Amino acid sequence: MILLLGLICILCGEPGLCLEEHEGFTFDGDIRRFAVATNTVYIATQEKLYQLSHDLVLVRSLTLRGILRDGTDMGGAQFNRVSDSAQWNSTFSINVLLPFVGNESLISCGGTDGGCGYCEVLDLKDISKSLHSEQIQVGPVERSDASVAVLVNVKKDPTKSETFILTAVQSEKEKLEKCGSDLQTVNLYNTDNDEKKGGIFSLSDLYGTPSIRVKDVDVEFVDGFQISSTIYLLSNVRSGSGNNRVRLIWLEGKSSKTQTLKSFRGATLRVSDVGGEHSRLVASSVIPGGPPVLWSGVFSVDGTGTNTELLVFDISPDLTGNTDSDPDFCSRACSAWSKPTTMTLKPKSVLFRQSYMTSVLAVKQKTWMVFFIGTANGQLIKLAVDKNYHTTCPRVLYRASDNRPVFPKIHLDQVDHKHVYVALRNQMKHVPVSNCSTYRNVHECLSAQDPYCVWCNSKNSCTFEDDCKDSERLSTPDDFQQKVVSYKLVKNNTGQLSLIIQTHLTVKQTDQLNFACQFPGVTCRIGPSSQFPQCTCILTNSTLPAKGLHYTVRFTLGTLTLTEQLKLNNINGSPRPVLSQECVESGCSWSPDSCLWANQSQGNDSICQTVRSGVNFSRPDISSITPSVVSFYGRNHAVLSGHNLSEVTRVRIQSDMTCTPKESPVWNNTGVNLTFHIPSTDSKGVVKVCVVLPDGSCHGNSKVTYQSSPSCIKTEPSSTWFSGKRIITLIGPNLEFVEEVIHSHNPQEVRVPRNSNSQNLTYETAAAENTRSAFFSSVSLKVANKTLECSTNFTYYPDPEFITFTSTKTGNEVLISLQKKEDELDMTPAELSVWGVQDGKQYPCIMKDKETNKKTEFFNCQIKKTAVSKFQHLMIKYGDKTLTLLQKSPQVPFLMLLVLLLIPVIIVVVVIVYRNQQKKLTARMNRRMEDLELDIRNDIRQGFVDLQTEKADLMENVGAIPFLDYKHFASRIFFPESDSLMTSCINDIGQDAVKVQLDECCQGLSRLIQDQLFLTTMVHALEGQKSFTIKDKCALASLLTVALHSNLSYLTSVMEVLLRDLIQQNSSGQPKLLLRRTQSIVEKLLTNWMSICLYGFLRENVGQHLFLMVSALTQQIAKGPVDCVTEKALYTLSEDWLLWQAQDFSSLKLNVLFAVGSDGQVSEPLEVNALSCDTVEQVKEKILSTFRAKFGFPYNAPLKEIRIEYEKNGCFVLLEEVDATSEVIGDVTMLNTLEHYKIPDGATIKLLSKNTHPPLSPQGSVKDEENFSVRYFHLIDPDVVEEQRKNSERKKLKLKEVHLTKLLSTKVAVHSFVENLFKSIWGMQHNKAPLTVKYFFDFLDAQADNVKITDPDVLHIWKTNSLPLRFWVNILKNPQFVFDIEKTPHLDGCLSVIAQAFMDSFSLSEIQLGKHAPTNKLLYAKDIPKFKQEVKLYYKRIREQSPITDSEVQNFLQEESKKHENEFNEAGALRELYKFIQKYFTEVVELENMKHFISHKMITDHQW
């Protein structure tokens, strides 16, 4: 049955059974506070504040880290928030979180580490926007669950009201005094920033600073809320004697703070008339819909939280008594001796008793009250209560797999009112208020008596009421009913029998008019009084048949039909326990000893509960149940012990959470012991257990506790040997509930735990048969009928290999040293049992320790009290395997003579055999040489053929080019090695970046850097510091670029000044080295400036050619074999990445089918080109690449979520990277290829994904494993001895030089793309170079004239270093700066060859190349002269071009600034820039003094 329910849960997605599966959000830290406002949820954790949508989708987050300065006193403390990556010394801990919808703000208050109070007012729609912040104490200093904060409205006059923050805090006098605060117990704070009223967070009003104080008692506030103009505060008050009282305070929201706080009156809530001194209020929720004001509270009746009750009180305010007259609180002069009495409120009803309740939320649904109750063991329980306080059966809506408690507050989703927010430690769950869809028919829907659910006729399903509009529907009545249909049998004075049927339904008024009853198969006539909700059937016979009467009643309401099966019993016989129940169920009435006809007023069955028979059964008694604590999945084969159990037929389990008890059959009943299954349950907690006799009576009162399910998070050790029986320890919670352990490789063999407790479990592993290489096996836990997966991997390795042993005699003891080959098992001495064996007698050896040396493990053990010094062999036992180990010893002396006699004979035989073998070897060598010569000839011929027939047939239509937008392009060039700086300096859509608030220092810096003299002098000052590294210089240059990006004209003028200074420094030394490397700030600044100004030219003129060249190179590489491990390829431009060891391969065309549904449907075949030497991973990549190229968009599943299968003989075989058939050479495993699986040309491959086959889980690639390149190989054989090879033919002689022609053939294939790219760079559209290039080259010409440089070669080098070397080479080698692509190490090597050819084209020197020259130089040797001529012409045409005017440059730069405004976070850049200046502040000021006194004054004025 349990398996059937599990199957229904999987197929139907039934949340009522799959209680752990609910929408949710997991946070980095534990939840401190959370609040709900309209369509947004706000959560404060230990280090972050989150803003989530109503369905728990992250909108943004805000760090709570910051810098706390001068925190010694309240006046000097300053807390400033910093970014996630910045240094911090304090955390803002939020204790008050109040959404103020009226003015669209979020009020957050609390304390800082080592400091005192701090408050922030944030934008309600965007918490990254701060509206106000202040160092002030509002609410508790530290986290306190004994404090309350709530927004209240106080009416100033009939038309105007004002909102205040009311805080009620537990006394923290020492902490408040430390922070200089005079807060009292209850305070009112302003929410308006009007200075006339004291400003925001002010406590005062026109009459002073009012408050409510506490007398000599300890108060713990639980809840506070406002209804109309009355404010309610609930608290626990503990007196000096230790007794606890639950107190209620009423406040009237009058014209001012003073009047409001002085108006308080109090009452005491009494849980029970007897005792109650230890009762505590745990949680609170007002019930909507008053008056009267009904309120529900969870009370701990014993003070410990174990025994808790849900009670309802009427807390309507009594405003007739005296104000400010209370034994515990006062607002004016407090007298400890004054103890006025207060009124006492008693509960209207005790609704529910359940252990460990922690929270409650009350909701009104029609006439019903619905309570959502949280517990300390992670459950959310729903309880529906009618207007007469009659409860329906409680239902568990959510159940955590562990014991994390539910947060004290539960909130309703204010958008759809169909979900509640439940917080558990670091998780927030969005739980539906009802699971209407789980009720499969009208009977189940209505019997559930769920106020949220109706049976919708048009949908023929159980739905929420607002989901069934304009349709006939049935719903539960306004009060509790045990059955949907009840009936009674009435006999009048004439003996006539009438069957009166009553329906307990709620329907529309119009549908009631169409009510009708039918009784098919029963002879009766419908009574005249039949109308909704009742109908009468008058029977034609005055007596019932002896066997009773079965009949069907069919109700019709419009087009909706409801059918009920009923049975009338003829009740006879002596009284027995079930007789009274049968009587009432048959529609009759039960008297104290007989069954009578019902009359119009009879029909209740309360008297039946007390009737018991006198049948003689021995009364059974329960002594114990083993186990008595189980998980909520139940337990198989539990044992119940007791006395007089022989007549027991069933075991009944009754919970407070279930209205219908569960029963389990028994077996192996010996009279004192019996066996039964403890069933699963939806809830955690204690249930009652009794045993059932044949007469239906139940005896005994034992208990079983349901707890959370087990889970394992770690295995020690994490491996075992093939033969099994290794003792493994699983670590995790609740492991004592595990009944069996299962391994995935052998699920039929279950392992019973050796021993277990709440934290760990030990068991013996199952054996692995018919396997040679290591493999993974997942571990599962069997709990009752549920199988739970462990979260860790488990590895099987070959059995340990013992080599030999040595023995050493010392006195009467022998030390044994056992040698074992080193492996991955990490075997310990405790896992070995060793005996020394001599003359058939065994001597136990006590294990001592273990040592490892040169891949050999030495286990040392000791045999005590023995005269034996040498042993014939050792007997070794590990797991369940026993083996014998012989000692390698020298030959005995008498054999030496025999050996000497045999030596001459052996020599003669060896000579004869040697001569024969020599002849065979010579013949074999001749054949091998011929084969080798033939192979080399074939390789050379194939290379020649490839070179002569190679065509540039690479696909040029690559679809849309994935250009990066400007800000990401620029930021990757600005900050190539700093992701943190890149993130802080750009504004991304949807990025949860903290908005940087500029303090006065940074605002001053923003003004100062607009001063050119200050900025250039500051740059020189910083560059003059020895500790200012090149990395710092580059970062500073890029930060300046971002900070001044909105004013590129100014940035350009600063760069020119710095360049002039740099040229002046280098002109007298070696001017040719200028701008060759990035060793100064201005050189990096120039790189950034070129990137900004040439971005448009790059994207419009060069980008397409660059992308085509990269795509062509990638396609050419993929045409031949690529080694999956080393990434070397047969087709490449770089000799370092040449795969010259590649074996023979062939091209294959595969017909790939894509699974498009879970029922076996597939798509039309897609033809994919592959190679026989491709691995499974490479085939997947080629399939996805072909799919994207053909259809223009990527496949809907990533590589790790797909599998491929090969159709063989009508069946599909799964293709895996490594499996049991993989070839192993030594300790290295070869990755499976298409050739390994013998897949022919034209084969059919089917692709499955997680989307189409949900049971599929993401597959980890072997590339993700540690030491991947050491443990696996593909096309390059590992270096192992020849004897370890299974296939000796794999090792063929390959010469690298033979395959160098592949470099040339690759160059030929992509040459046209390279040429087009180069020409797009130095080509001049409309005979004009880009404005930036012309302007800067003219600038360099002018500077050369200024420093009297006339050598044209120097100018050529300056221009080459500033443009091709500084910008274009960077782009050629890093296309990922321009496009959204991934650059592999192999592709990087090929691009370096092209970039080298590009720079050689700008060189003035002639390079003499010989046969020993590097191949990357030789490859383009014939093309370089032509390229050089084109470059010279390019420089000449730029020089001859008409000059660019200053106005043209200024207009261009202004357009660029405007085009990309708001794309960079200039404020964030200023903050980072400030850190550099702050570090070298003294040096900057000193240099400023010498050059610019005014700038120094500006600095000091801003107090850096």
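Here the structure is a predicted model, which is why all the values come from computation and not from measurement.
Shortest non-hydrogen contact noted between Lys877 and Thr882 is CG-OG1, 3.6 Å. Nearest heavy atoms, Pro798 versus Leu825: O-CD1, 3.6 Å. Taking each heavy atom of Pro1121 and Leu1139 in turn, the nearest pair found is O-CD2, 3.7 Å. Scanning both residues, Lys1128 and Ile1276, for their nearest heavy atoms gives CD-CD1, 4.3 Å. Nearest heavy-atom pair across Phe871 and Val868 is CE2-CG1, 3.8 Å. Between Leu1148 and Ser1172 the shortest heavy-atom distance is CD1-CA, 3.9 Å.
Partners of Lys714 under the salt bridge (charged side-chain N to carboxylate O under 4.0 Å, His left out) rule, at least two apart in sequence or in another chain, are Glu716. Taking Tyr797 as the reference, nothing meets the side-chain hydrogen bond (donor to acceptor under 3.5 Å, both in side chains) condition, with sequence neighbours excluded. With sequence neighbours excluded, no residue forms a side-chain hydrogen bond (donor to acceptor under 3.5 Å, both in side chains) with Thr715. Under the salt bridge (charged side-chain N to carboxylate O under 4.0 Å, His left out) criterion, Lys782 pairs with no residue, sequence neighbours left out. Every residue two or more places apart in sequence or in another chain that forms a side-chain contact (heavy atoms from CB on, under 4.5 Å) with Val913 is listed here: Val909, Gln917. Annotation: side-chain contact (heavy atoms from CB on, under 4.5 Å) contacts of Ile713 (sequence neighbours excluded): Ser791. Partners of Ser723 according to the side-chain hydrogen bond (donor to acceptor under 3.5 Å, both in side chains) rule, which considers only residues two or more places apart in sequence or in another chain, are Asp799. The salt bridge (charged side-chain N to carboxylate O under 4.0 Å, His left out) test applied to Lys1417 returns Asp1400, not counting sequence neighbours. Not a single salt bridge (charged side-chain N to carboxylate O under 4.0 Å, His left out) links Lys809 to another residue, sequence neighbours left out. The side-chain contact (heavy atoms from CB on, under 4.5 Å) test applied to Pro829 returns Met847, Lys850, Phe859, not counting sequence neighbours. Every residue was checked against the side-chain contact (heavy atoms from CB on, under 4.5 Å) condition with Ala1118, not counting sequence neighbours, and none meets it.
The CH2 atom of Trp835 sits 5.0 Å away from the CE atom of Met875 when rounded to the nearest 0.5 Å. Annotation: the span from Thr1175 atom OG1 to Leu1275 atom CG amounts to 8.5 Å, rounded to 0.5 Å. Note that CG of Leu1419 is 6.0 Å distant from CG of Leu1133, once rounded to the nearest 0.5 Å. Interatomic distance, Thr1132 OG1 to Leu1113 CG, rounded to the nearest 0.5 Å: 7.5 Å. Atom CD of residue Glu1217 and atom OG1 of residue Thr1233 lie 12.0 Å apart, to the nearest 0.5 angstrom. Atom-to-atom distance recorded for Ser773:OG and Glu1223:CD is 12.0 Å, nearest 0.5 angstrom.
With Asn853 contributing its side chain and Thr856 its backbone, the two residues share no donor-acceptor pair below 3.5 Å. One N or O on the side chain of His1386 and one on the backbone of Glu1127 form a donor-acceptor pair closer than 3.5 Å. Between the Asp1174 side chain and the Leu1171 main chain, a donor and an acceptor come within less than 3.5 Å of each other. For His1274 (side chain) and Val1125 (main-chain N/O), no donor-acceptor pair under 3.5 Å exists by modelled atom type. The closest donor-acceptor contact from the side chain of Asp1241 to the backbone of Lys1149 lies under 3.5 Å. Within the 3.5 Å criterion, the main-chain N or O of Val1122 finds a donor-acceptor partner in the side chain of Gln1178.
Aromatic rings of Tyr1237 and Tyr1206 (six-membered ring for Trp) have centroids beyond the 6.0 Å cut-off, not under it.
Side-chain atoms of Thr1244 and Asn1151 include no donor-acceptor pair closer than 3.5 Å. Side-chain contact annotation: Asp1123 with Thr1126, donor-acceptor N/O pair under 3.5 Å present. Thr795 and Ser719 are not linked by any side-chain donor-acceptor pair at a separation below 3.5 angstrom, with hydrogens and angles left out of the test. Judged by distance alone, the side chains of Thr1221 and His1236 do bring a donor and an acceptor atom under 3.5 Å apart. Between the side chains of Asn1169 and Lys1182, not a single donor N or O lies within less than 3.5 Å of an accepting N or O.
Two residues are said to be in side-chain contact when any heavy atoms from C-beta on lie closer than 4.5 Å; Ser756 and Thr762 fail this criterion. Using a 4.5 Å heavy-atom threshold, the side chains of Pro1385 and Trp1137 count as touching. Between Ser1222 and Met1230 the shortest side-chain heavy-atom distance does not fall below 4.5 Å. A 4.5 Å side-chain heavy-atom check between Leu1199 and Glu1177 finds at least one atom pair inside the cut-off. Between Val1228 and Arg1271 there is no side-chain heavy-atom pair separated by less than 4.5 Å. Looking only at side-chain heavy atoms (C-beta outward), Ile1204 and Ile1183 come within less than 4.5 Å of each other. For the pair Asp826 and Pro717, the minimum side-chain heavy-atom distance is 4.5 Å or more. At least one side-chain heavy atom of Leu1234 sits less than 4.5 Å from a side-chain heavy atom of Leu1150.
Using a cutoff of 4.0 Å between basic side-chain nitrogens and carboxylate oxygens, Arg1203 and Glu1205 are not scored as salt-bridged. Taking a cutoff of 4.0 Å between a charged side-chain nitrogen and a carboxylate oxygen, Arg754 and Glu764 qualify as a salt bridge. The existence of a salt bridge linking Glu857 and Lys820 is confirmed by a sub-4.0 Å separation between a basic side-chain nitrogen and an acidic carboxylate oxygen.
Within 6.0 Å of CD on Glu769 lie no more than 12 heavy atoms contributed by other residues, nucleotides or ligands. The neighbour count for Glu1181 CD, taken as heavy atoms of other residues, nucleotides or ligands under 6.0 Å away, is above 12.
When Phe775, Phe776, Trp721 are each tested for a ring pair (Phe, Tyr, Trp, His ring centres under 6.0 Å) with Tyr796, only one passes: Phe775.
The salt bridge (charged side-chain N to carboxylate O under 4.0 Å, His left out) pairs that include a residue from residues 827-837 are Arg726-Glu831, where partners are two or more places apart or lie in different chains.
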